There are 2 protein chains.
Amino acid sequence: MKKYLSILKKTKLFSGLSETDISSMLSCLDAKLFSYKNGDYVFRQGEHLSNICVLVEGKLLIQNDDYWGNRTIINNISIGEMFGEAYVAPESGALLNDVVAVEDSVVIFFDFKKILTVCSSACRFHSMVVQNLFFAISEKNKKLVQKLGHISKRSTREKLMSYLSEESKKQNSLSFTIPFNRQQLADFLSVDRSAMSNELCKMRDEGLLVFEKNQFRLL
Amino acid sequence: MKKYLSILKKTKLFSGLSETDISSMLSCLDAKLFSYKNGDYVFRQGEHLSNICVLVEGKLLIQNDDYWGNRTIINNISIGEMFGEAYVAPESGALLNDVVAVEDSVVIFFDFKKILTVCSSACRFHSMVVQNLFFAISEKNKKLVQKLGHISKRSTREKLMSYLSEESKKQNSLSFTIPFNRQQLADFLSVDRSAMSNELCKMRDEGLLVFEKNQFRLL
DNA sequence: CCTTTTTTGTTGTAAAAACAACAGGCTTGT
DNA sequence: ACAAGCCTGTTGTTTTTACAACAAAAAAGG
């Protein structure tokens, strides 16, 4: 476990804590380490989770197979990322996706009850972890709501307007840089790249905005 | 504040606690009550939040105006619902939406720091609230991810397959009831009702499934 | 029981998006 | 400097969706 302290230190969960702090908390949080070979399932659809997990080595895929056999990649988890936190609530039911290792991987499990219930020995940094966890999940929440706001628009143009407006608000300026290239933006908005590129140029020609590469300005 | 104890008791935040328990915690959580007239803004775009809010009377709308003036209803908040919890993280930045009262409304604000930091006087039920808060937000998170999974599919048919598969998994049976009528389902999946209805019937004719009203069976 | 309203399915048309294929420009690495 | 590989824009075609309008069935209300 010691081996991965430097990685844990960089995670959102332990943000602001030193390696020594983290080390002293591991037992208090009932941390357990599991290894997986490339191709192994970390979790299977139908399982019930009661752990918050952090990937410290390798790479995972969260994927979903529907009844007719269509497979979708929901997300890929890189080193330092947390997962499973959305499934620990008792009413949350069984996991609906599979989590698969696509490289030899190592995951650390934390008992979420232990995290939430500040221990009687009152380890100093425990409440910090609670806050970190809360911030992380609430941040995720915010991002999801925003993305949903864009994607649920009917037309490509509306999706673009929604996204670009928001980016402009976030950066508090009509000129702003987006963190995507065209293909990534199209994927994010769930549209075809070329169609989106086309629409973007139409919007430019209509005088709604100007752009150059990933630098945009609303007019 | 007393007046609203019966409502607070039914919220997710205070689930499992009695009115007396809640009453004894209110000061510890630094609860504050605010009233709004129909049309008043509870929050405006650009503000920074540090409270978790619960609506105890009236009705609110979370709405978003983009740069070009298009207004979107993001959500409507009914009595007993919690909001604002996605914006309390320090890095979360300014609120990007407006929250408006569409009836005369009353909102109770809780200091999120007070919630997360279990008080030294160690009120017995505090850690229960922390857990409730965490469950509520993680549940929201889960729902958002799932919805996003459906909506981000390109075609109406794929959206339907994704949604129906999941509902089947959730209810652990190929026969299941959905909690929507056609219009609601179309809104949820962000497609046109008649087009969706059409697609649904095509799928039935192709032998993928059968349905009657909101009862479905996958084949 | 009858009327009214709501929900659902159906059809045709117009609009939009996906898709495919390609060209020019910009990067990167040798 | 050159070649190879990406990224972006552009165009034409095909497929899909939205939209509008309507009919039938079901539900609600008196």
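To find a chain, count down the sequence lines: A is the first, B the second, and so on, and within it residues start at 1. From a predicted model like this one, the values you see are computed outputs, not experimental measurements.
- Residue N198(A) has its side chain nearest to dT11(D) when only dT11(D), dT11(C), dT16(D) are considered.
- Ring pair Y163(A)/F216(A): centre-to-centre distance not below 6.0 Å.
- Between the C1' atom of dC7(D) and the CD atom of Q215(A) lies a distance of 17 Å, rounded to the nearest Å.
- The base of dG9(C) has none of its N or O atoms less than 3.5 Å from a complementary donor or acceptor on the side chain of R204(B).
- Candidate nucleotides dT10(D), dG9(C), dA18(C) were compared by shortest atom distance to the side chain of C201(A), and dT10(D) ranks first.
- Using modelled atom types and a 3.5 Å distance limit, the side chains of Q215(A) and T177(A) yield a donor-acceptor pair.
- With rounding to whole Å, D192(B) atom CG is found 13 Å from dA15(C) atom C1'.
- For the pair K213(B) and dA27(D), the criterion of a side-chain N or O lying under 4.0 Å from OP1 or OP2 is met.
- Sorted by first and then second residue, the side-chain hydrogen bond (donor to acceptor under 3.5 Å, both in side chains) pairs involving residues 74-102 of chain A (not counting sequence neighbours) are E85(A)-K140(A).
- In this structure, K159(B) atom NZ and dT16(D) atom P are separated by 14 Å, rounded to whole Å.
- Using modelled atom types and a 3.5 Å distance limit, the side chains of K153(A) and N70(B) yield no donor-acceptor pair.
- Contact between the side-chain N/O atoms of T156(B) and the OP1/OP2 oxygens of dT17(D) is found at a separation under 4.0 Å.
- One atom, CD of E158(B), and another, P of dT17(D), lie 9 Å apart when rounded to the nearest Å.
- Using a 4.0 Å cut-off on heavy atoms, the residues of residues 173-182 of chain B that approach DNA chain C are N181(B), R182(B), listed by number.
- In this structure, S197(B) reaches the bases: a heavy-atom distance under 4.0 Å links it to at least one base atom across the strands shown.
- One can find a donor-acceptor pair under 3.5 Å joining the base of dA20(D) and the side-chain atoms of S194(B).
- Taking atom CZ of residue F211(B) and atom P of nucleotide dA25(D), one finds them 15 Å apart after rounding to whole Å.
- Here dC7(D) presents its P atom at 17 Å from CG of L200(A), a figure rounded to the nearest Å.
- Under 3.5 Å, the side chains of S138(A) and N141(A) contain no donor-acceptor pair of N or O atoms.
- Ring planes of F188(B) and H150(B): tilted class, angle from 30 to 60°.
- Distance R193(A) CZ to dA17(C) C1': 14 Å, rounded to the nearest Å.
- A centroid separation of less than 6.0 Å is found between the aromatic rings of F43(A) and F109(A).
- In this structure, the CZ atom of R157(B) is 9 Å from the P atom of dT17(D), given to the nearest Å.
- Looking at the side chain of R154(A), the nearest of the listed nucleotides dT8(D), dA18(D), dA21(D) is dA18(D).
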